[in-house]
Amino acid sequence: MTNTEIATLLRNVAAAYTIKDERKFRFQIIAYQKAADAIENSTSEVKDLLLENKLELLPGIGHSIRQHLEELIKTGKVKHFNWVMDGIPASVFPLLDVPSFGPKKAHKLVAEFKLKDPKNVISDLEKIAKQNKIASLEGFGAKSQEDILQAISEYKKGRAKTKRMVLPYASELAQKVLAYLKTSNAVIQAHPLGSLRRMVSTVGDIDFAVATNFPDEVIKHFIDYPYKDRVIEQGSQTASILISGGKQIDLMVQPPDAFGSLLQHFTGSKRHNIHLREFALKKRLSLSEYGIKKAKHKTIQKYDTEEKFYKAIGLAWIPPEMREDKGEIELAAQNKLPKLVELKDIMGDLHIHSNYPIEPSHDMGKNTMEDMLKKAESLGYNYLGFSEHNPSVSKHTSSQIYSILSRRKDKIEQLNESNKYVRVINLLELDILASGKVAIDEKSLSVIDAVIVSIHSNFSMNKEEMTKRVLEGLSNPKAKILAHPTGRLLNQRAGYELDFDKIFEFCIKNNKALEINAWPTRLDLPDSLVFEAIKKGVKFVINTDSHSTWQMDMMKYGVSVARRGWATKSDILNSLPYNEFVKWLKS
DNA sequence: GCCGTTTTCGGCCCGACTGTTTTCAGTCG
């Protein structure tokens, strides 16, 4: 069973508890949801964690749930879960994926109309709604029947599972909406928040906070957005619209003197906020988007900035990328937050594909080396590493490869003589073949300063084989960086499986670095693994993998991954000055 | 059911919005 499947199962147990007796099982419900979150966010498979006796290290997994999961892995079922779910038709659970359907509503409809087929329950319910049978039900009415049809129709179009947006796409969309929002005079300040502000690798909804003294006017302006499909809801503080493509935009407003608490609230994450509020409660403080209430006092203290809001709880301001409830609140309380790496710390980009005729087996760059260098200069870099793919092995003899790379070496030396500002480094992106061998021989490698190794073929090997393959490739003395370590492509394919404990250990021992590939559909190594690696002391290089000059601007997305992994400047090797970087490269 | 720099027992975030109600239940973030 995959982690996703286990998380779904735990959420279904929580739903079953909710149906049985929400009040009585209130805390079990929260516990199971929290456990589901933990497993979904885990970088290791439950099966492996059980074997290593580490499952209870996940936050929210204690003795009971660990035992249940052990039973699940061993026997494929859990007696206790069956007991909780006893009497609840299986057809309740698929309905939970439909927007606006929770456990109570799903169960009531399934029970009332005896919907027994989990596979067709959604279409069956749609038919019943169309036959006008729901409106007369107690607790329902004509409007809710209509809403159910709307929700099912949008679900079928894919709203619920619409692919999350990659960051630049979400960013661009947010900028369009932001520009529109600002056309209202009532808007004093407006910011995109939520997962976009935290720079999560993919974004679902887009959230906005607006500071205004005229909330009604701002809400009205927002729901009049010309590209909206429909208004989901609209109140005095918040509103939500759906725009074409099934994307949801949420808005919250506050007066300027309470804008700080709104920024904090709407940036999230949900888990960070819950933990923050629990932390504050111990100090007899109650937090909300309105501000802070002291125990026994009815008045709310307002905060116009986030810094003041966090300070009032006794905390240092926490960078949005860290707000994922991974221990940042405790560190902020001790004023021990790490100073995260910043874009301006980056001194060079080492994964650059020019159009130099290297005759590779994979894609070439579109611009000349000179163009790429000019771009590097404009970005203020001190060095740039060319790392085109190795010459195709099937189309060349090894002596042909040697002469191609020798000519390229001469070219790079010329560039270094003619270019004053940016030092050029002679690298290569080198395939690790299925056997673990690298694609070109030692003689050809002798004309290269160092190589970035990566996997571009035979993705379907199992975890053990793939780990062995990568470690063997990385063992080559010239290999210093492992590029896009998981091979994932967001919204397209999962990465191959690797034993990252082993990879991390190997890198530390042998002075190798992992890449954070900044290309927005890669963002690879993923932030959760960067977090684990940084804790252990693995070093990183942040690269754009650019095939055109404009792509070199994507560096900021790689930096955001590093920041989400709590990397400081000293964890990132390409923040080093040229001499020190090259010293590492050749070590 | 989980958890601990006030606790191994006694807590567990906080509020908005909608539809169906006549004070609230359900869902969402």
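Within every chain, numbering begins at 1; the chains are lettered A, B, ... in the order of the sequence lines, protein sequences first and strands thereafter.
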Return no unless some side-chain N or O of [X] is found under 4.0 Å from OP1 or OP2 of [N].
X: A:Tyr290; N: B:dA16; result: yes
X: A:Ser144; N: B:dG19; result: no
X: A:Ser236; N: B:dA16; result: no

Indicate, with a heavy-atom threshold strictly under 4.0 Å, whether [X] touches base, sugar-phosphate, or nothing.
X: A:Phe25; answer: nothing
X: A:Ile65; answer: sugar-phosphate
X: A:Leu287; answer: sugar-phosphate
X: A:Ser240; answer: nothing
X: A:His63; answer: sugar-phosphate
X: A:Ala142; answer: sugar-phosphate

Worksheet item: Mind checking who B:dT8 pairs with, Watson-Crick or G-U wobble, both distances under 3.5 Å?
Response: none

Fill in: Where protein sits on nucleotides 5-11 of chain B, one letter per nucleotide: B base, S sugar-phosphate only, - none, heavy atoms under 4.0 Å
-BB----

Can you pull every protein N or O that's under 3.5 Å from an N or O on nucleotides 27-29 of chain B?
from	atom 1	to	atom 2	distance (Å)
B:dT27	OP1	A:Gly102	N	2.7
B:dT27	OP1	A:Gly102	O	3.0
B:dT27	OP1	A:Lys105	N	2.9
B:dC28	OP1	A:Ser100	N	2.6

Item to complete: Identify whether the glycosidic angle of B:dT7 places it syn (within 90° of 0) or anti.
Response: syn

Worksheet item: Quick one: do the A:Arg323 and A:His275 side chains pair a donor with an acceptor below 3.5 Å?
Response: no

